[in-house]
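Structure first, then comments.
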Amino acid sequence: MNQSPKVSVVIPFYNCPYVDQAVESVLAQSYPDIELIVVDDGSTLYTEKLAPYRDRILYIRKQNGGTGSALNMGIKAASGNYFAWLSADDRFHPHKIQRQMQELRRTGTLFNHTAYYYINERGERVSEVISVPFADRRELIATMMKGCPVNGSTVLLDMGIFRTVGIFDESFLYTQDYDLWLRILPQFGWSYIEEPLLDYRVHQGMGSVIHNEAQTREIQMVQAKHNGVLTQLLRKEGGP
């Protein structure tokens with residue numbers, strides 16, 4: 001690929017023992033022009049795992065403020081044309097970014113997400129392919145109103161989207177991604193790759209396990225916030 005647009009990958013890092021595996025998976029991408037930004041959200045553990053990579057990443061340390069604040073700091077520091085997010089306990093497959101850039105170009109969309117696998121603490125796959133394809137835009141909107149099937153670490157989007165809808169809402173500690181996707185959905189077309197291009201690690205230390213009740217409350221808040229706009233959008237698409 002000549003003159004490949006730069007992709008900025010942001011890894012928010014807070015006391016995660018798997019962060020070196022996440023970094024390795026980005027550095028091993030087949031896509032030629034990637035900027036890797038690791039935002040240390042006030043970690044007190046495992047920071048030494050980043051030492052071997054400091055000359056190959058942009059490392060930013062900040063006071064602890066949550067995932068949304070770390071992602072936003074990474075976005076503000078990014079110089080790429082496209083944004084991808086990788087949780088510190090997950091791993092990209094080697095061709096993830098390349099495949100997504102091809103799909104954006106093929107479909108003319110500015111937002112893409114993909115299927116993925118579950119892995120355990122040891123990095124072993126413990127699921128079949130997790131894939132939620134949509135027959136059409138109407139089905140996508142209806143599904144997004146009920147819950148969020150989009151895995152944040154599978155997303156690749158054009159940075160211009162942030163200029164239209166804003167960045168992550170830091171007041172949402174657990175569902176900042178769901179809120180952002182629902183702001184993007186009325187404004188932009190999405191594309192989807194049914195091929196799994198991410199390993200999503202499921203373990204007892206993950207935020208969705210530790211903060212399950214608070215996360216459920218936030219999901220309801222996000223849905224209430226966007227329900228009116230999405231209901232109108234669904235009607236426009238010929239939904240019920």
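Only this structure's heavy atoms are used, side chains among them; waters, hydrogens and symmetry mates stay out.
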With the side chain counted from C-beta on, respond yes when Tyr82 and Ile97 share a heavy-atom pair under 4.5 Å apart, and no when they do not. no
Quick test of your reading of the model: are Arg91 and Asp199 salt-bridged, counting only N-O distances below 4.0 Å? yes
Step-by-step side-chain contact (heavy atoms from CB on, under 4.5 Å) determination, Arg99 to Thr114: CA-CA 10 Å; Arg99 285 280 293 107; Thr114 82; over 6 Å; no
Evaluate side-chain hydrogen bond (donor to acceptor under 3.5 Å, both in side chains) for Gln98 paired with Ser30, printing each intermediate quantity in order. CA-CA 6 Å; Gln98 186 170 19; Ser30 59; 2.5 Å; yes
Are Val165 and Val229 in one and the same hydrophobic cluster, where Ile, Leu, Val, Met, Phe, Trp and Tyr link if side-chain heavy atoms are under 4.5 Å apart? no
For residues Thr44 and Asn15, determine if any side-chain heavy atom of one lies less than 4.5 Å from a side-chain heavy atom of the other. yes
Minimal non-hydrogen separation, His113 against Thr154, with atom names: CB-OG1, 3.4 Å
Intermediate values then yes/no, side-chain contact (heavy atoms from CB on, under 4.5 Å), Tyr200 and Ser153: CA-CA 8 Å; Tyr200 176 70; Ser153 288; 5.7 Å; no
Any link between Leu197 and Val23 through a network of hydrophobic side chains (Ile, Leu, Val, Met, Phe, Trp, Tyr) touching at under 4.5 Å? no
Evaluate the side-chain proximity of Lys236 to Ile141: yes if any heavy-atom separation is below 4.5 Å, no if none is. no
Are the side chain of Glu237 and the backbone N or O of Arg137 linked by a donor-acceptor pair below 3.5 Å? no
same_hphob_cluster(Ile11, Tyr18) at 4.5 Å side-chain heavy-atom cutoff: no
So, does Ser69 use its side chain to make a donor-acceptor pair with the main chain of Gly66 at under 3.5 Å? yes
Who are the salt bridge (charged side-chain N to carboxylate O under 4.0 Å, His left out) partners of Lys62, not counting sequence neighbours? Asp41
Would you check if Thr164 and Ile184 make a side-chain contact, meaning some heavy-atom pair closer than 4.5 Å? no
Tell me the closest heavy-atom pair linking Gly166 and Leu180, and the distance in Å. O-CD1, 3.7 Å
Do Phe172 and Tyr178 make the cut of ring centroids closer than 6.0 angstrom? no
Below 4.5 Å, heavy atoms only, C-beta onward: do Val26 and Tyr53 meet side chain to side chain? no
Going by heavy atoms in the side chains, are Gln29 and Val7 under 4.5 Å from each other? no
For the pair Leu140 and Tyr192, evaluate side-chain contact (heavy atoms from CB on, under 4.5 Å) and give the outcome as yes or no after the intermediate values. CA-CA 11 Å; Leu140 169 62; Tyr192 180 69; over 6 Å; no
With sequence neighbours left out, what residues match Pro149 under side-chain contact (heavy atoms from CB on, under 4.5 Å)? Val132, Phe134, Thr143, Met144
Check whether Glu218 reaches the backbone of Glu213 with its side chain - one donor and one acceptor, N or O, closer than 3.5 Å. no
Grab the two heavy atoms, one from Tyr117 and one from Glu128, that are nearest each other, plus how far apart they are. CD2-O, 3.8 Å
Using the rule that two of Ile, Leu, Val, Met, Phe, Trp, Tyr join whenever any of their side-chain heavy atoms come within less than 4.5 Å, decide whether Val9 and Leu104 are in one cluster. yes
Residues that Lys6 engages under side-chain contact (heavy atoms from CB on, under 4.5 Å), provided they are two or more places apart: Asp33, Glu35, Ser79, Asn81
Closest approach of Trp181 and Val155, non-hydrogen atoms and distance? CZ2-CG2, 3.8 Å
Heavy-atom closest contact (Ala115 atom, Ser131 atom, distance): CB-CB, 3.8 Å
Do Glu103 and Asn112 have side-chain N/O donor and acceptor atoms under 3.5 Å apart? no
side-chain contact (heavy atoms from CB on, under 4.5 Å) assessment of Phe13 paired with Leu50: CA-CA 10 Å; Phe13 163 55; Leu50 294 172; 3.8 Å; yes
Within one Ile-Leu-Val-Met-Phe-Trp-Tyr cluster: Tyr14 and Phe168, side-chain cutoff 4.5 Å: no
Nearest heavy-atom contact between Met101 and Pro5 is CE-CG, 4.0 Å
Would you indicate whether Glu124, at its atom CD, is surrounded by more than 12 heavy atoms from other residues, nucleotides or ligands within a distance under 6.0 Å? yes
Side chain of Asp90, backbone of Arg201: donor and acceptor closer than 3.5 Å? yes
More than 12 heavy atoms from other groups under 6.0 Å of CZ on Arg125: yes
Measure up the Phe83 and Phe162 rings against each other and bin them: parallel (under 30°), tilted (30 to 60°), perpendicular (over 60°). perpendicular
Could you check whether any side-chain heavy atom of Trp190 comes within less than 4.5 Å of a side-chain heavy atom of Leu185, counting everything from C-beta outward? yes
